[in-house]
Asker: 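Below is a structure I'd like to ask you about.
Just so it is clear: chains get the letters A, B, ... in the order the sequence lines come, proteins before strands, and each one is counted from 1. All figures in this text were calculated on a predicted structure; none of them were measured in a lab.
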Amino acid sequence: MTVRTRFAPSPTGYMHIGGMRTALFNWLFARKHGGQFILRIDDTDQERNVASALQPILQAFRWLGLNWDEGPDVNGPHAPYFQGHRNHLYRAAADRLIAEGKAYRCFDPPEQIQADRDAATKDGGQYLNIRRSCDLTPTQIEENLAAGKPWVLRFLIPRDRKIELEDAIRGHVEWNAGLMSDPVIMRANGSPLYNFATVVDDSQMQITHVIRAEEHLSNTAVQILLHEALGHVPPIFAHIPYVAAPGSKEKLSKRKLEQYRKNPQFKILFDIADKIFPRIGLSNQGGLDPVMVEYYEKVGFIPAGLLNALARLGWSLDDQTELMSLDFITQNFSLERVVKGPAGFDPEKLLSYQAHWMNQLSADERTAGCLPYLQQAGLVPQQPSAVEHAKVRAVVAALNERIKIFSDVLTYDYFFKDVIEVSEKDFTKIFAKAGIRELLTECVPVLTNLSDWTVVSLEAAIKAFCESKGVGGGTLNQALRISTTGSPIGPGVFDCLELVGKEKSLERINAALAKLK
RNA sequence: GGCCCGUUCGUCUAGUGGAAGGAUAUCGGACUUUCGAUCCGAGUGCGCGGGUUCGAUUCCCGCACGGGCUGCCA
């Protein structure tokens, strides 16, 4: 039997990072077993514009390179893949359940149900449906229907049953059906509810493995019963732990964003956004935050980094292996090695994976990734000349492992600006050293007379100069750096000089000296 | 309230009835050219209380904490 897994997102307008992890596990399992991965859109409760709310979700999959075999845009043999368009299937299944006495039209108004519930639980009791509508005769039901009396369809829970599940991750779990109330499976307007639609669809789409977050574990009891009532063999279920907020065991939620801003670990990511988004013209952070997959794409993460981090959130290969490519993970993924406890999302770890995979990229790939940030920040033209492009490439190469995410290149904007911002604190500190100002002054003619403005020549010339003055070869370096870049951090100082260029370097050094007088 | 799931360094995790391993973060050192780069080193942990046992992080029970379901949400 071919393995078939699915991910069923609601078109919410963004892709949740935790949902992405669930989707990844489904994708990995399908790929590992040579099966199919299906994307099904859960729009049963949506009034909004499904198409536009879906785009960011599809884009997240595309960006990460997680392709789907059936679903939106690609379709497939079990179309349509939008639950909103599958009503005929739910209707048919519902009719069968009614005909077989396994579901009933419940004419009790919501207020009545609520009153029943209150009465039952008032003294700490257990609520179960009173099932008044089950006592109606066929004639009475016809009369109610003819009179247009509103109803919902409820699944008749077989209360004498024990439900057993062999979960692929959690092992044996069981429930007593006698404690479960009859779930509504279809609304008054004929639209299906989640537990029902998912059962009908999973069966019709021949899903073999339902891999989903553990918040669905309790739903599984109803779903198993529904599968049985409809004559299906239930799929294999695998409930993976939820993704928690950094440093906590609380489920990661978009509703707690303000709280996350104060979270010391999460703060790293918010800080990146605060720093980058205004510079690339996204006001109000572009409506993006670190709970959304789009955020990572926009600030310049690469898929390999995020993918590695997500895969390790609740799954491990062994006691050693941390750095894994998607191909490697695919070959080695197994549900047996998914952990049971919740996995806290860890931005620090994500950044370290990201750094590793960024370093695997070629200079050209990194240049291509950094270029858009420089362009959006107005530091490089939209149509760069060959010279401008080469400059970007040279800067990116010199920056080397200092670039962890593509937008980091903006930290070193002094290579592209006409007027640099000088870190006054560092400037003052560096020039406070006795004799430095004089030394730099005397160094100017040496630099001016240097015809070959390259790292090698610069290093040789400056070292020779320092030695001629009887000071160590590195004495001037910090002063040169702060004068020409304005910043205490960056590539090697001779790289900086070469990249800034002779004319601009001298100009900036003279400006610094002028400021010291 | 009822039912179900979970709990190993700050964090992600490995693992075992007999001295708890890796990664990341942190701290310290090195690189006599910086650094948020790189290299090296160090410290840090089995939620609590019972029980079984010669011995429990590992098995059992209870508790606490976290999560979920108990919805005409998914």
Side-chain angles (χ1 to χ4, degrees), chain A residues 8-10 12 42 44-46 106 110 113-114 117 120-127 150-154 165 167 169-171 173-176 179-181 183-189 191-195 197-198 212-222 239 241-242 244 246-251 264-265 309 312-323 337 339-353 355 359 399-404 408 411 426 430 459 462-463 472-478 480-482 485 487-496:
Chain A
S10 286
T12 51
D42 232 317
T44 54
D45 193 41
Q46 306 295 324
C106 174
I113 298 290
Q114 189 54 48
R117 197 189 315 277
T121 56
K122 188 179 52 160
D123 304 313
Q126 177 71 25
Y127 168 73
W151 54 275
V152 294
L153 190 63
R154 283 185 191 275
L165 164 70
D167 189 277
I169 292 167
R170 273 144 223 281
V173 182
E174 60 181 50
W175 297 267
N176 175 2
L179 265 22
M180 294 162 56
S181 54
V184 172
I185 57 177
M186 206 166 249
R187 295 188 183 85
N189 67 7
S191 64
L193 273 91
Y194 168 75
N195 275 136
T198 205
R212 69 212 326 186
E214 67 171 290
E215 52 254 42
H216 290 292
L217 186 57
S218 297
N219 288 325
T220 309
V222 173
H239 288 92
Y242 63 91
S248 82
K249 294 293 181 198
E250 289 182 29
K251 196 167 76 142
Q265 292 168 72
R312 286 286 290 100
L313 221 49
W315 177 83
S316 68
L317 176 59
D318 53 32
D319 61 334
Q320 297 284 319
T321 317
E322 293 279 342
L323 301 167
R337 296 200 60 84
V339 301
K340 296 185 181 73
F345 179 60
D346 185 350
E348 288 169 346
K349 195 97 189 208
L350 165 64
L351 249 6
S352 93
Y353 286 123
N359 292 153
L399 254 13
N400 201 338
E401 301 189 1
R402 268 163 268 257
I403 292 183
K404 307 252 188 242
D408 282 341
T411 304
D426 295 295
I430 287 162
E459 179 163 9
I462 289 171
K463 277 196 172 153
T475 313
L476 258 184
N477 291 344
Q478 281 291 70
L480 284 167
R481 173 187 298 284
I482 195 78
T485 71
S487 165
I489 64 167
V493 68
F494 305 114
D495 285 283
C496 288

Asker: Whole angstroms only, please: what is the CD-P distance between A:Glu215 and B:G71?
Answerer: 18 Å
Asker: Counting the atoms with a prime plus P, OP1 and OP2 as sugar-phosphate, which does A:Pro110 contact under 4.0 Å by heavy atoms, base, sugar-phosphate, or nothing?
Answerer: base
Asker: Describe the nucleic acid contact of A:Arg212 in one word from base, sugar-phosphate, nothing, applying a heavy-atom distance below 4.0 Å.
Answerer: nothing
Asker: If you look at every strand shown and take non-hydrogen atoms under 4.0 Å, does A:Glu174 touch a base, only sugar-phosphate, or nothing?
Answerer: sugar-phosphate
Asker: Scan A:Glu322 against the nucleic acid and name what it touches under 4.0 Å (heavy atoms): base, sugar-phosphate only, or nothing.
Answerer: base
Asker: Please classify the nucleic acid contact of A:Pro491 as base, sugar-phosphate, or nothing, using heavy-atom distances under 4.0 Å.
Answerer: base
Asker: Reckon A:Asp346 touches a base, only the sugar-phosphate, or nothing at all at heavy-atom distances under 4.0 Å?
Answerer: base
Asker: Out of B:C5, B:C4, B:A14, which nucleotide sits closest to the side chain of A:Ser316?
Answerer: B:A14
Asker: Give me the distance, rounded to whole Å, that separates B:U44 from B:A20 when you measure between the C1' atoms they each carry.
Answerer: 13 Å
Asker: Can you identify which nucleotide, out of B:A37, B:A14, B:U70, has its nearest atom closest to the A:Ser181 side chain?
Answerer: B:U70
Asker: Atom CD1 of A:Ile489 and atom P of B:G36: how far apart are they, to the nearest Å?
Answerer: 8 Å
Asker: The side chain of A:Arg402 lies closest to which of these nucleotides: B:C35, B:C72, B:C69?
Answerer: B:C35
Asker: Find out whether A:Leu399 and A:Thr411 are in side-chain contact, i.e. whether some heavy atom of one side chain is under 4.5 Å from a heavy atom of the other.
Answerer: no
Asker: Classify the nucleic acid contact of A:Leu313 as base, sugar-phosphate or nothing, counting any heavy atom under 4.0 Å across all strands shown.
Answerer: sugar-phosphate
Asker: Checking contacts here: which listed nucleotide (B:U34, B:G22, B:A14) is nearest the side-chain heavy atoms of A:Gln478?
Answerer: B:U34
Asker: Would you mind pulling out the nucleotide paired to B:G47, Watson-Crick or G-U wobble, both distances under 3.5 Å?
Answerer: B:C63
Asker: With heavy-atom distances below 4.5 Å as the criterion, would you say the side chains of A:Tyr353 and A:Glu322 are in contact?
Answerer: yes
Asker: Examine the side chains of A:Arg187 and A:Ser191 and answer whether a donor and an acceptor come within less than 3.5 Å of each other.
Answerer: yes
Asker: Quick one: the side chain of A:Asn219 and the base of B:A74, do they pair up donor-acceptor inside 3.5 Å?
Answerer: yes
Asker: Is the base of B:A23 touched by the side chain of A:Lys349 through a donor-acceptor pair closer than 3.5 angstrom?
Answerer: yes
Asker: Can you name the one residue among A:Arg170, A:Arg212, A:Glu215 that meets side chain to side chain donor-acceptor pair (under 3.5 Å) with A:His239?
Answerer: A:Arg212
Asker: Contact class for A:Arg170 vs. all strands (heavy atom < 4.0 Å): base, sugar-phosphate, or nothing?
Answerer: sugar-phosphate
Asker: Which one, B:A74, B:C4, B:G1, comes nearest to the side chain of A:Ser218?
Answerer: B:C4
Asker: Determine the contact category for A:Ser352: base if any of its heavy atoms lies under 4.0 Å from a base atom, sugar-phosphate if only primed atoms, P, OP1 or OP2 are that close, otherwise nothing.
Answerer: sugar-phosphate
Asker: Between the side chains of A:His216 and A:Thr198, does any donor sit under 3.5 Å from an acceptor?
Answerer: no
Asker: Side-chain contact, heavy-atom cut-off 4.5 Å: A:Arg117 with A:Ile113?
Answerer: yes
Asker: Any base atoms under 4.0 Å from A:Glu401, or only sugar-phosphate, or nothing? Heavy atoms, all strands.
Answerer: sugar-phosphate
Asker: Specify the separation, in whole Å, of atom CG of A:Asn189 and atom P of B:C72.
Answerer: 13 Å
Asker: Taking any heavy-atom pair under 4.0 Å as a contact, classify A:His239: base, sugar-phosphate, or nothing.
Answerer: nothing
Asker: Give one of base, sugar-phosphate or nothing for A:Val173, where a contact means two heavy atoms less than 4.0 Å apart.
Answerer: sugar-phosphate
Asker: Using Watson-Crick or G-U wobble geometry with both distances below 3.5 Å, tell me the partner of B:G18, or none.
Answerer: B:C54
